[in-house]
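Heads up, the thing below is written out as structure tokens.
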2 protein chains.
Amino acid sequence: MHRHEGHAACHADADDMLARAEAVCRERGLQFTPLRRDVLEAVAESGKAQGAYDIAERLSAPGKRVAPVSVYRALDFLMEQGLVHRIASRNAFIPCAHGHAPGEGVIFLICRSCGGVDEASSVEVEGGLGRTLERAGFTPVHSILEVEGDCGACRERMQAP
Amino acid sequence: MHRHEGHAACHADADDMLARAEAVCRERGLQFTPLRRDVLEAVAESGKAQGAYDIAERLSAPGKRVAPVSVYRALDFLMEQGLVHRIASRNAFIPCAHGHAPGEGVIFLICRSCGGVDEASSVEVEGGLGRTLERAGFTPVHSILEVEGDCGACRERMQAP
DNA sequence: GGCGGCGGTGATACACTGTAACAAACCCGC
DNA sequence: GCGGGTTTGTTACAGTGTATCACCGCCGCC
Ligand SMILES: [Zn+2]
Ligand SMILES: [Zn+2]
Ligand SMILES: [Zn+2]
Ligand SMILES: [Zn+2]
């Protein structure tokens, strides 16, 4: 199970993310182009899930426009390499700092107050889900598990304003 | 745990669904209007998840057009009453024949081959998820769990064509 | 050097999904 | 009949994602 440790830590993570991404791409013989780098950085810098159009706007500057379609292509690439996750319930994207094992289930903890998204995993949930699917005669290919609620920090902030 | 028993059973379910929906609305003092009835019927008749625009098109006839916005409103109502589920990973809707207990988690089994969606539930998964969230200091409000894969019928069909 | 394939990007247009705002119709109790 | 809440129609718009084609840069090959 993994937790973000606050915005400072997230920010520090951004550089790590970029270094790791470059290593992953080099290792797999893929190109970590400037656009892909910028998109990943934009996703990693903000502590919350970013929409593709938000990223496009953030990367655009007067005179240099980045079209959403380019962002989508970069995101597709980054998702294939496991560097970014898509949050289906938000139509948004987050960076992934954990090299997940293939087939490992991920639980997204989405805070409705601060918009932050943490990742967790649980062998208990995974095992139970596997048994449930087997009983149902269903062969899984991939699954999404997203929980919306209040993160610890926001809950404390609400109790003692 | 629940399984569809094929298209014939789904079709038979449609009438039951409508009767149950009418009973639920009467009991809660809500209106089960013709539009809401038609939308629920459209969702229930097809064995697969339907998009809002698909439903609008299906309900439209030459001379009588049903706008998507009307379908969305009916779907919102039906979802509030627990008669319809939204499948976030598909932007689509399915009927629900099981009166879920409040707070009960639902697992959607989405067949990538036939497009059918079954519902399952598992106290094991639910308990494991609850403990995982508690460890993470996260207070859940609601969660979605959707699994894409191959249903039993489609897997058999693929093995022996 | 020239050439052709290949992956990445730019640019435009388009399809699909969902919501806001306002007016008209409907229902129901007074 | 009247007033007020709910439902529906209609239009317009915002947000999300994809198709298509052209262009560029790179690298291997002739
Ligand atoms: Zn991850
Ligand atoms: Zn929070
Ligand atoms: Zn259900
Ligand atoms: Zn199937």
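Since this is a predicted model, take the numbers as computed values, not measurements.
Residue pairs meeting the salt bridge (Lys or Arg N to Asp or Glu O under 4.0 Å) criterion with at least one partner in residues 125-134 of chain B, sequence neighbours excluded, are E124(A)-R131(B). For residues 35-77 of chain A, the set of pairs meeting the ring pair (Phe, Tyr, Trp, His ring centres under 6.0 Å) definition, not counting sequence neighbours, is empty. Applying the salt bridge (Lys or Arg N to Asp or Glu O under 4.0 Å) test to residues at least two apart or on different chains, the pairs with a partner in residues 49-67 of chain A are E45(A)-R58(A). Sorted pairs that involve residues 66-78 of chain B and meet salt bridge (Lys or Arg N to Asp or Glu O under 4.0 Å), not counting sequence neighbours, are lacking altogether.
Scored by the side-chain hydrogen bond (donor to acceptor under 3.5 Å, both in side chains) test, T139(B) finds R155(A) as partners (sequence neighbours excluded). Scored by the ring pair (Phe, Tyr, Trp, His ring centres under 6.0 Å) test, F138(B) finds no partners at all (sequence neighbours excluded).
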Check residues 21-31 of chain B and write down every donor-acceptor pair under 3.5 Å in which the side-chain atom is one partner and the other belongs to a residue at least two apart or another chain.
from: R28(B); atom 1: NH1; to: Q81(B); atom 2: O; distance (Å): 3.4
from: R28(B); atom 1: NH1; to: Q81(B); atom 2: OE1; distance (Å): 2.8

Listing, residues 87-94 of chain A side-chain donor-acceptor contacts under 3.5 Å, not counting sequence neighbours, or none:
from: S89(A); atom 1: OG; to: E146(A); atom 2: OE1; distance (Å): 2.6
from: R90(A); atom 1: NH2; to: E148(A); atom 2: OE2; distance (Å): 3.3
from: N91(A); atom 1: OD1; to: R86(A); atom 2: NH2; distance (Å): 3.3

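Residues from residues 48-76 of chain B placing a heavy atom under 4.0 Å of any atom in DNA chain C, listed by number, are Y53(B), V69(B), Y72(B), R73(B). Applying a 4.0 Å cut-off to non-hydrogen atoms, the residues of residues 26-33 of chain A that approach DNA chain C are Q31(A), T33(A), listed by residue number.
Of all nucleotides in DNA chain D, those with any atom nearer than 4.0 Å to a heavy atom of chain B start and finish, going 5' to 3', at dT6(D) to dT11(D).
In this structure, OG on S143(B) lies 11.0 Å from CD1 on I144(A), to the nearest 0.5 angstrom.
For the helix from dG1(C)-dC30(D) to dC30(C)-dG1(D), the angle separating the two terminal helix axes comes to 10°, with each axis derived from five pairs and the value rounded to 10°.
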